Amino acid sequence: MLLAQIMIPAASAAAVLFAIWLALDVLKRDKGTASMQEVAGTILEGANAFLNRQYRTIGMLAVVTSVVVAVIVGIFKESTEVGLLTGIAFIVGALASGVSGYIGMSIAVRANGRTAAAAQNSLADAINASLRGGAVSGFLVVALSLIGVSSIFAIYSNLLGHTIQETPFLIVGFGFGASFVALFAQLGGGIYTKAADVGADLVGKVEAGIPEDDPRNAAVVADLVGDNVGDCAGRGADLFESMSAENIGAMILGASIYIATGRVEWVLFPLVLRSFGVFATIIGMMTVPFWASRIKDPMGALNGGYWTITALSIVGLGICTNVMLEDVWGWFFACGLVGITVGIAFVYITQYYTAGAWRPVQEIARASRTGSATNMIIGTAVGFETTAVTAITVGLGLVVAFVLGQQAELANVSDISTGVFGTAVATMGMLMSAAYVLAMDTFGPITDNAGGITEMAEGTKPEAREITDALDTVGNTTKALTKGYAVGSAALAAFLLFTAYLDEVRVEMSKIAADDAERYVTLQQDNNLLPPGEDTKAAASALVADYSTALTALKDKVGDKDKFAQADVDSLLVADREETAAILDRKVADGDVAEADAKPFLESGSPLPLPRIMPVNLGKVDVFVGALLGVMLVFLFSSLSIRAVGKAAGGIIEEVRRQFRENPGIMTGEVRPDYYRAVDITTRAALREMIVPGILAVGMPVAVGLIFRYAFGGDGNEGWASVAGMLMVGTIGGVLVATYLNNAGGAWDNAKKFIESGGMKNPDGTVVGKGSDTHAAAVVGDTVGDPFKDTAGPALHVLVKLLSTITLVLAPLFIS
């Protein structure tokens with residue numbers, strides 16, 4: 001407990017202070033020439049205008065949703081206080097998510113011009129400026145997640161008096177609020193950035209034959225703005241909700257072990273481990289200038305920082321597990337190492353599939369020789385190929401972490417509980433370097449914008465553009481790397497969040513057992529946990545009712561709800577002997593219950609206990625259809641997201657064409673394009689198009705749960721079980737489809753960059769460069785891949801975790 005009291009506040013403060021120091025370091029750097037400052041100012045103005053309008057829209061939706069959530073939870077939990085606390089947690093999570101994305105984007109936009117100016121001096125200076133600008137967002141995201149989750153936990157448990165095992169369920173609303181904002185932020189920003197990018201590329205590069213970021217292209221400022229609102233603000237919100245949801249899910253699983261051990265360290269462990277990750281990342285960040293001055297390859301310098309953080313994270317993991325997880329710490333240390341290994345694997349898997357130095361990207365580039373069709377075919381094949389290694393890596397990581405966790409023997413704790421907690425530790429281990437990975441992600445749009453500013457500004461050095469082009473190529477890889485990392489962490493977390501949902505279902509089942517023994521028995525017959533038949537039902541119902549009466553009598557005898565509450569009665573009604581001993585032995589040891597009073601219950605356990613993890617039978621029609629609809633949601637959501645980019649891009653394309661047609665002086669450089677009109681068109685289209693897929697994602701699990709619950713009379717398992725099927729299979733489908741979209745899009749992008757950098761040659765040794773038919777085919781592939789990797793793919797990361805948080809919050813709606 002002492003380690004938690006020291007590390008969590010210290011890491012939160014350190015992350016905030018380090019982010020402030022980084023921001024000040026970036027802001028004091030050279031802004032560049034007056035021409036550079038003018039272009040950078042235009043980008044900043046456009047980004048702020050979009051985010052202000054976007055967050056007003058999201059804010060109104062979030063306020064309405066928080067009220068709805070509070071009312072629903074209050075009604076179905078039969079507690080106004082629980083509903084109110086869940087609604088408050090939702091608003092706090094939503095606000096923190098929005099703030100982390102907004103501030104990070106604000107600094108990143110200001111880092112654009114500084115990076116362009118630094119590129120006039122050296123590669124090392126440019127790397128330092130861009131990475132530190134991106135790291136502001138990374139550290140703020142981690143800090144706000146730590147501060148938000150730990151503060152609400154402390155307030156709800158210490159000040160408001162809720163039990164340690166109950167509180168993690170109350171703060172799930174924080175994760176839901178973060179997911180809600182992240183979904184719309186990622187959708188809106190992703191639609192904006194790719195609509196502008198597609199419009200700028202197709203009309204500028206392909207039709208007009210002018211270079212990328214040419215100031216004559218009316219869409220170029222909108223494109224540069226889009227990099228910030230999509231890749232900076234959107235991804236910041238994405239990783240914020242990832243960390244928050246996974247922290248809360250791990251805390252819920254830790255609460256089940258806390259019941260047996262009485263050690264709150266099991267609940268606080270995820271937050272303390274995240275704190276160690278903060279300090280490891282701060283040190284690792286400070287080593288990047290050292291690597292940049294000695295390694296000419298920008299990716300090598302970034303990898304040097306990553307490996308430093310990884311080594312320090314392993315040390316922190318060892319300290320944290322040793323101090324907090326009793327004498328079984330070694331098994332969970334091994335679980336954390338599995339998670340760190342999975343994170344490393346995803347970093348290098350993504351680099352292999354999206355970096356120009358390797359076979360997949362070069363294969364796509366070679367396919368561009370024979371036109372756009374073959375480029376598309378090979379790119380699609382590469383994208384599908386990546387799902388195999390993703391599934392194998394995640395599956396292997398989960399199995400190994402689960403088996404290692406099972407080896408940890410704790411008194412009165414099932415090996416299933418320790419196994420599942422092992423997967424949670426693996427997820428936490430993988431996310432220890434999250435701040436640095438987000439910094440590398442934001443590094444991408446900063447360097448992209450720096451290249452645009454260098455291109456558009458007057459009087460820049462030719463070698464500066466070479467530096468920004470080199471950084472931009474690396475930035476494409478780091479952006480793809482972050483998406484791979486995010487989808488990998490989502491896949492690992494999916495199991496723990498799914499298990500947390502089943503924990504909540506089990507809690508609701510225990511309340512039903514206390515209120516209506518006959519209904520409880522009927523539900524368990526339907527779950528095949530008890531043989532069918534009316535005689536069996538009658539006998540079991542009588543046993544459960546008698547056991548409930550005896551437990552209530554014990555509660556009344558203790559006469560102190562802080563020592564023996566109705567929640568304890570509910571838990572014991574569904575507990576087997578091992579779990580009964582876990583609850584009552586600690587109460588006896590604490591002096592809350594007399595040993596003689598506990599003895600009868602310890603000898604018997606519940607007459608109808610529930611499994612530690614509630615069974616979900618895919619052979620049942622309601623579960624199968626829920627699973628089918630879950631996968632359908634993934635594809636329909638992706639369709640709507642990609643179509644939104646196409647529709648918004650159509651407006652930009654027509655606008656750029658119109659300006660070229662009506663103002664011939666634009667091409668000669670005599671007339672300045674109307675950048676603001678292009679920005680405004682993209683803004684309005686993005687905000688309009690994000691609403692439908694966002695509502696679909698939020699509304700679908702609720703609709704499925706309610707329809708199946710009430711279609712069968714409202715008294716059975718169909719509601720929660722159909723949602724479980726949707727959650728389980730939809731998450732798996734979402735992870736694999738996101739992998740395909742992310743990596744196919746990244747590979748298409750870098751195949752184009754590979755050609756543009758002169759890496760591809762004709763048989764006679766001449767370079768295949770810009771303006772060739774091969775390059776035009778690669779541009780088309782890149783254009784198709786843009787909404788894959790920057791809109792639909794990242795939005796799916798949020799979707800799979802939103803499914804978990806919304807079902808966890810609203811579980812009572814489907815069963816109570």
Side-chain angles (χ1 to χ4, degrees), residues 50-102 144 148 152 169-192 229 233-234 237-238 240-241 244-245 248 633 637 640-641 644 683-707 709 723 795 798-799 801-814 816:
F50 175 79
L51 278 193
N52 288 338
R53 290 170 66 173
Q54 183 189 43
Y55 277 118
R56 279 200 300 269
T57 304
I58 295 174
M60 290 186 290
L61 292 172
V63 169
V64 172
T65 304
S66 69
V67 173
V68 172
V69 166
V71 170
I72 290 174
V73 172
I75 292 172
F76 285 91
K77 283 278 192 180
E78 298 180 351
S79 170
T80 303
E81 182 190 9
V82 170
L84 182 61
L85 294 180
T86 304
I88 291 172
F90 178 96
I91 281 293
V92 174
L95 182 63
S97 178
V99 167
S100 63
Y102 196 98
L144 288 172
I152 292 184
F169 289 99
L170 293 176
I171 64 175
V172 169
F174 184 93
F176 181 20
S179 298
F180 184 90
V181 169
L183 180 71
F184 285 100
Q186 188 66 76
L187 263 176
I191 293 168
Y192 182 105
V229 300
D238 177 0
F240 176 86
E241 66 91 20
S244 300
I248 294 168
L633 172 62
F637 179 83
L640 291 171
S641 302
T683 298
R684 286 188 281 109
L687 295 179
R688 181 177 64 249
E689 298 295 337
M690 77 177 185
I691 299 297
V692 173
I695 291 175
L696 174 72
V698 175
M700 187 76 174
V702 178
V704 167
L706 290 178
I707 288 171
R709 173 179 176 174
V723 170
V798 185
L799 175 69
K801 283 167 285 192
L802 178 70
L803 287 176
S804 297
T805 54
I806 192 172
T807 51
L808 194 51
V809 169
L810 298 181
L813 185 62
F814 311 133
S816 65

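Heavy atoms only: backbone and side chains are in, while hydrogens, waters and symmetry mates are out. On a predicted model such as this, the values are computed, not experimentally measured, just so you know.
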Between Val69 and the options Ile91, Val809, Val64, Ile806, the side chain to side chain contact (heavy atoms under 4.5 Å, CB included) test singles out Val809
Test item: Val172 and Thr86 side chains (from C-beta on) under 4.5 Å apart, heavy atoms:
no
Do Met690 and Ile58 touch side chain to side chain, with heavy atoms closer than 4.5 Å? yes
Closest non-hydrogen atoms of Ile152 and Ala89, given as atom of the first, atom of the second and distance, are CD1-CA, 4.2 Å
Between Ser804 and Thr807, the two heavy atoms sitting closest are O-OG1, 3.0 Å
Here the gap from Ile171 atom CD1 to Leu85 atom CG, rounded to the nearest 0.5 Å, amounts to 11.5 Å
Exactly one of Val99, Leu144, Val181 clears side chain to side chain contact (heavy atoms under 4.5 Å, CB included) with Phe240, and that residue is Leu144
What one should report as the nearest heavy-atom pair of Ser244 and Phe174 is OG-CE2, 3.5 Å
Would you check if Leu633 and Leu799 make a side-chain contact, meaning some heavy-atom pair closer than 4.5 Å? yes
Measure up the Phe176 and Phe90 rings against each other and bin them: parallel (under 30°), tilted (30 to 60°), perpendicular (over 60°). perpendicular
Original post:
Is any side-chain heavy atom of Ser641 less than 4.5 Å from a side-chain heavy atom of Leu187?
Top reply: yes
To the nearest 0.5 Å, atom CD1 of Ile191 lies from atom CD of Gln186 at 10.5 Å
Distance-only, no hydrogens or angles: does the Ser97 side chain make a donor-acceptor pair with backbone N or O of Gly93 under 3.5 Å? no
Separation between CD1 (Ile691) and OG1 (Thr57), nearest 0.5 Å, reads 6.0 Å
Minimal heavy-atom distance between Phe637 and Ala795, with the atoms involved, is CE2-CB, 3.6 Å
Using modelled atom types only, decide if a donor and an acceptor are shared between the side chain of Ser66 and the backbone of Val63 within a distance under 3.5 Å.
yes
Closest non-hydrogen atoms of Leu802 and Ala697, given as atom of the first, atom of the second and distance, are CD2-CB, 4.1 Å
On a heavy-atom basis, the closest approach of Phe814 and Gly705 is CD2-CA, 3.6 Å
In this structure, OG1 of Thr805 is separated from CD1 of Ile248 (nearest 0.5 Å) by 9.0 Å
Rounded to the nearest 0.5 Å, the CG atom of Leu640 sits from the CD1 atom of Ile695 at a distance of 11.5 Å
The reported gap from NZ in Lys801 to CG in Leu808 (rounded to nearest 0.5 angstrom) is 15.0 Å
